[in-house]
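Step one of this worksheet: look at the structure below.
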Amino acid sequence: MLRFIGHRLLIAIPTILLISVFVFLLQKLLPGDPVLALAGEDRNPEMLAFLREKYHLNDPIYVQYFNWIWNALQGDLGISLRTNQPVTTLIAQKLPVTIQLAVMALFFAVIIGIPAGILSAYKKGTWIDWVANIVALSGLSIPNFWLGIMMILLVSVNLGWLPASGYQPFTDDPLQSLKTMMMPAFVLGTGLAATLMRHTRSAMLGVLQSDYVRTARAKGLGERSVVVKHALRNALVPVVTVVTLLFGELLAGAVLTEQIFTIPGFGKLVVDAVFNRDYAVVQGIVLCTAIAFILMNILSDALYRVLNPKMSDQ
Amino acid sequence: MKKPTVLTLSAMLMLTAAPLFAADLKIGLAEDPDILDPDQSRTFVGRIVYASLCDKLVDITPDLEIIPMLATEWSWSEDNLTLTMKLRDDVTFQDGTPFDAEAVAYNINRSQTLEESRRKSEVASITGTNVVDPTTIEISVAQPDATLMAQFADRAGMMVSPTAAEAAGVDFGNAPVCAGPYSFTERVQQDRIVLTKFAEYYNADAYSFDTVTFLPIVDTTVRLANLRAGDVDMIERLAATDVASVSADDGLTMEQATSLGYQGLTVNVANGDKAQNPFGQDKLVRQALSLSIDREAVNQVVFEGAFAAGNQPWPPTSPWYNKDLPIPARDIEAAKAKLAEAGVESPTVEIQVSTDPVAQQVTQVIQAMAAEAGITVNVVAKEFATQLSQQTAGDYEISQIGWSGRVDPDGNIHQFVTCEGGINDAKYCNLEVDQLLNDARATNDTAARKALYDQATAILDEDLPLIYVYHQNWIWAMDAGVTGFAAYPDGMIRLAGVSKAE
Amino acid sequence: MSNPDTFQTAPSRQTLSEVLPPKRSRVWAKLKKNPAALLGGGIVAFFCLVAVLAPVLPIPGPAVTDFMAVRKPPSAAHWFGTDEIGRDVLSRMIWGAQASLMAGVVSVTIALAIGVPLGVAAGYARGWTDAAISRVTEALLAAPFLILAIAMAAFLGPSLTNAMIAIGISAVPIFIRLARAQTMQVLTEDYVEGAQAIGLTHRDIITRYILPNIVPPLLVQATLTIATAIIAEASLSFLGLGQQPPSPSWGSMLNTAKQFLEQAPWLAMWPGIGIFLVVLGFNLLGDGLRDALDPRDN
Amino acid sequence: MTEAPLLDVAGLSIRIDGTARDLVSDLSFTLNKGETLCIVGESGCGKSLTALALMGLLATPPLRVTGGTARFRGDDLLTLPPAQMRKLRGDRIGMIFQEPMTSLNPALKIGDQIAEAVRRHTELSEADARAHALEMLRRVRIPAPETRLDVYPHNLSGGMRQRVMIAIALANTPDLVLADEPTTALDVTIQAQVLELMRNLQRDTGTAMILITHDLGVVAEMADHVAVMYAGQMVETGPVAAIFDDPQHPYTIGLMSSMPGLDGGSDRLVTIPGVVPPARDMPGGCRFAARCPFADAQCAQVPPTTSAAGNTSHRVACWKAPLEQQEDAA
Amino acid sequence: MIRHDIILETQALQKRFAGRKPFFGEAKVVRAVDGINLKVRRGETLAIVGESGCGKSTLARLLVRLMPPSDGTVVYEGRNIANIAPEEMRHLRRDLQFIFQDPFSSLNPRMTIGALIEEPLRVHKFGTKQDRRVKVAEMLARVGLPASVIDRYPHEFSGGQRQRIGIARALITGPKVVIGDEPVSALDVSIQAQVINILQDLKDDLGLTLVIIAHDLAVVRHMADRVAVMYLGEIVEQGPVADLFANPKHPYTAALIAAIPVAEIGARHAATKLEGDPPNPIDLPTGCRFHPRCQHATQICQTNRPALDGTGPDRWAACHHANTLSLQGYIGSGHSRSPTTQARFDLYRAASAVLPPQDQKTTT
């Protein structure tokens, strides 16, 4: 296992370098002058020239890249052009927010998606399956931003149950924090729940047809025991991998959700940064999410090995 | 068990006592401000925060008259080359540094010399300062500058603590220290900016909130939803289309003021190859386009009449408005005649617009109106950063863009239409206009300036490098319990006298 | 048992072939028996038809504005009401269907066109080719979709075409992964060894053996990704990067409509229903196809 | 024959929903305590379905029991409520499946999989059940059983897994074991071990067994009685000696003829021409008619009745049996 | 002794698969085929038998280079195909064909029968499209399928029919050697007999050399001229089929024979002469690889690896005690059918022979 993880970490390095080059190039190719974007209304040519010089934007691109990566290796991701704050500070500020959103969304996704998937597979072809599928597909087909706004109008404005937007750090006021995150996490979670439900369903369908489920029934076990102990356990192996892989989707979904619910997380930061051409921030965040994504992937594979006795022995 | 010490006791007292008196005002902003250093900041929304954080040398009235703030009185010398200001003697910065003439001199110097200062052009005319005594300062200028007082009523006039500025240098914006009624407490980018009442403020009694929290909520619908849900007490820039529903809501009140800025079309007349089209080359064609637009209808359709139609850099309500040039009625026949005269019956032009839905609606309405005059408009949306850079580089034909407005008329026209103007993306150049606008800068006589601007606007109305379409209204909506708020055309939120019923 | 009605002429010696319908019609037969898939196919077909027929339908142009009828609720004159600047919403829905379906179909085509050759190459060649392609895939996957799409759309300029390209490229890794896995799966099949035993060239093996056999799962994934792409177009529209004015797409309509959720709720309702139905349709169809193509269930 | 048979199946029919004819049609047989009945037939003849139907494990829908009874110790297995059926399954009736590779849950330790079957039907504590599982492993002669309790199925070879399956099936000393091709997936040497083990265990416990197989060699080794099935119908049944020494049905004869022998002979093999009719489209008359060299129009149209052939328990369903008489008549 | 004409020959043929590398130490190596010397005579049927995992399928693939050997040579008609250029090997494949075990999976489900059978001709550029169609139709007839199936897809056929298609495909280029990897083991008994007959007919008609991989000794007994018995990657015994069945020289061969259940009442019970499972090919025993399961093993068996030595005319065995052990071969039960029963069997044989062996009556 150690060796496996070590190996995976090793091959992650070129991937991360590749991503950094990729993102670097991509944003350098973006039209729009970062300095101009930041200047907003007041565009004074001398000032712009000065800023370009100050942020080394006139250097050849490879020099910019090597400077950046060299500093990055030393833990310095540069400063935000927009607010002068160090990118590392911003990341440290936003990371917990997005993690909390992601965890809560996953929670919703799991408590909705997995039971629905089991039920729908178990009752395949019945109206229960039908309803569960339609609901799941609704989750997939309603755009997050639309659901988000509708929920704000309904839950916050009309019913007044939950705050409409904003963020409260968990450490400051756990209850309030959970309350503020409840809606965004739900909105983000529903889409994932649909994916999860479908994966659970198809895994369960496969497992329910398996010989060992038949063996379990032949032992005279009750249906609950058959489904939960024998079927689910095996169906969960691929599903758990999916859960960790959903992380990528989660990050993408978080971008919009944070935008709507005004949650100061990674997603909002990066969208604003792209629009403002705040290169250092974009670069830092993408690097950070890429690393997180790759770590999740490794974790997922490791988990797969743990869950699957066949793999863990090899 | 240890005995509780006096210190812990008092801390406990404070903890329990504080909420009793705490009154917090939460304001929903339309954007997240940039860096909070008056010398470095660029955004309109940042100025809203400064209104509570940083006092200026002078302020304005809703009618744009300049009134004392940190400076109690001022006078120009005979030759209009020296400005003498008397300062308040009861002011300290939020870090305890006393405010005096030295501080003013430091601030002006900082605006001029800090490498990252965005204020350089605003105070470019200043050649030196002379501290006469702690409450008197003389500011000398190279040539008469009618705009200077208006600059002192804005960011160039905001006084930052020399001690703090010296210590923080370019990072001052991360923890700004000024002389306003509220001091900076914390900022979480894109989440909140929290200000706390500064007890030693010279006019502290006028401010009733212990803390003020600014929450950037970009989406207009969500911003209003937050107000309705009671999560904020007040929002700025209510969408015009929400005016009706807010007026109908007993729980909410609304204030508005027509902005000092404008919204319109900037035509590329000489900025590179893209200017080589009928619209860039022939003012008749531009006039035809302008004639095809029903400005009042634009206001009605897109803004439900909540904004103001316009045809000049300043709104009809402005004292600077040229009354000889009323808002033109739509005239399709005249537009067609102009096109015929120009020899282009059915010209085509590309208007670039930002991805903002409202801007897109305006442009689409114009598109539909122009079509009736035989003008084909292709709307091309550009993500804002791209729009800006292409506009600067001359890579556009017409750009739909606006300006948030400045107190002095100069700030709304000079840099856009003078040959060397910093934001003259049309690259319009008319020496006569340059002369008129430069002259208007150099005299402190309001009537004379008005005459000069009237002449300039008349020329511009003929040449039309910019086709002004409407003026935004700043609309604030707030909980009915919030009282005492006064709307200013500069769009700021001044909290003096504002209170909230619990 | 010996019910005379069941008497029949002696069955001829027949191969199974006469009894089992050919495969394609078996898929079709299975689809026909699946009401969900039929419903999905019907929805998709309906919207495709409407989109294609948009130019000939008796509706006002999508950009025709009536400033006298701004944000009017559904009425006899405007069945779906009018939009924020007085255009007929029904017309915009119909023309928007064109854009939204295109967004789905074209972007998935792009993703297939890039992803499948790369995936097959990786799965077939293994070794360095595989390592290189896999690293690139991982890198693409690790850069979150929307960030990638935003950057691409910003780079290429906001337009429907560019949004489709951006969405398509963002979906490439899914197809690389799937094509690669499927190729490796097919390579383990006996019939590929059979092809080698006959002396087939690599090219023949890829075109005659691998591609035809990886098509069904790719097809299913494609229908699912079409749904995702339609939503992605809507999301990009939300960020102002999708279909450009005045041409409608459901995404951009929804985006504009969110300003008027209270004053003109129908503006959000129609495109919302449209997206929901089409995504539902594609998903049901995709599910149905998967079931129909799965030989295990009869 | 004083005692009633342990299992009495009469008229069992199974059908796929939406098809015209029963897949398994009018199947009847009895099984006495301690005896072994071999159901033999080629793939698709319905022998596995029969076993699943008796276990109440048919995949319904689309498969459905359309008629018949299966009396087991007084209960009709075909109509017993699911809850009661669950009590019987794994307790009084055990089942061994064909694929030892897939029939054990890959995620559970084998000790738990055996103990679970015990715990489900007894009051044994967890520790006792585990001890019982160990005992079962010992009885199926798995080497080093103590260490095998806590391994996962994938750690075992196919033969060992099939022993575990047997341990599970026999854990509660059932009256009846259904073994569906238990050795088909195994190598011939392992098959010999497993068959021997099953024989010995059966001798020790007195369990009756229905052994489903396509291998006449296994039948000859194991059976007391044989039922030959073709395309869902029982074509011939009887004591094992009668079937081998006096086969009546052309299918039985064809099946035996087409097996290559071990004593050489380089003659062409005798074959049964044609293929089994498809499950969804069973012919109306004798289902073997299309492949039978002796069939005539009657065979193709009228299902044959079952008649006794010599020995009372030897019965055959063929219009032409015994063949030699038919040929003489012709 | 007749000097046999060798068509295919292997020398010291080896195939090793690298296992997963453990955290410490070297990766384990699976020796699937471990030093095999085999001579295939022109026109004979050679059977290779053994339990699953003994490496017989790997050996089959090495013989036609469906996988490259790790070591050793495979000589076909004087050419070492172990290290021949891929392009040249492709051309040789018209002479060396392969029949796969699983007729369900060895045909591309998305190609028509016609295309599948024609494909080898197309690859090896036989004639025109028309010529090839004719040849395909001929071949179909030979394997007992009507020409009308040409545009059908594999899934429309039963297992036996598919195996016929596989055979047609393998034989259409007129190969000289055909390797069959368990060609009939996936088939039902009645179908198996059909396919075995077809294979034998075709072999006789076309003068093929057949190498049959099988685990079913009855099939081997019926089809083969000579048999090679494999155990854990090695050949442990080899000889003419009748002789080898009657007088096995290697205890493993004897155990295999003894384990076959015989479909006769009163025949001896299949005997469990072998305890336990074959050892893991990763951790091979020292000495004779069979010694842990061998009743006759002695000290020397544990330490010395026996060579495949001649034990009689055309007989080889790899056992230290081959010449001293007297092992039980196959003996029938001696039980014979009653005259009535035998008559019935004869009737059946006669009647079924009247019918064409294949379902040529198929209407389409």
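Chain naming here is simple, since letters A, B, ... match the order of the sequence lines and numbering starts at 1 in each. Only heavy atoms go into these numbers, but all of them, side chains included; no hydrogens, no water, no symmetry mates.
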Worksheet entry | OG1-CD distance between C:T256 and B:Q360, expressed to the nearest 0.5 angstrom |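 Spacing of OG1 (C:T256) from CD (B:Q360) equals 7.5 Å.
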
Discussion item. Rounded at 0.5 Å granularity, tell me how far OG1 in C:T65 sits from CD in B:Q367.
Written reply: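 Rounded to the nearest 0.5 Å, the OG1-CD separation comes to 8.5 Å.
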
Fill in: Beyond-backbone contact of C:F260 with B:D242, side-chain heavy atoms, under 4.5 angstrom
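Side-chain contact under 4.5 Å: no.
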
Practice prompt. Would you indicate whether the side-chain heavy atoms of C:E84 and B:T241 approach each other to under 4.5 Å?
Written response: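 B:T241 vs C:E84: side chains apart.
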
Fill in: Heavy-atom pair with the smallest gap, counting every atom of C:I85 and B:V365
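Smallest interatomic distance, heavy atoms only, reads CG2-CG2, 3.4 Å.
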
Discussion item. Quick check on B:Q364 against chain C: is it the side chain, the backbone, both or neither that has a heavy atom closer than 4.5 Å?
Written reply: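 For B:Q364, the contact with chain C is made by backbone and side chain together.
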
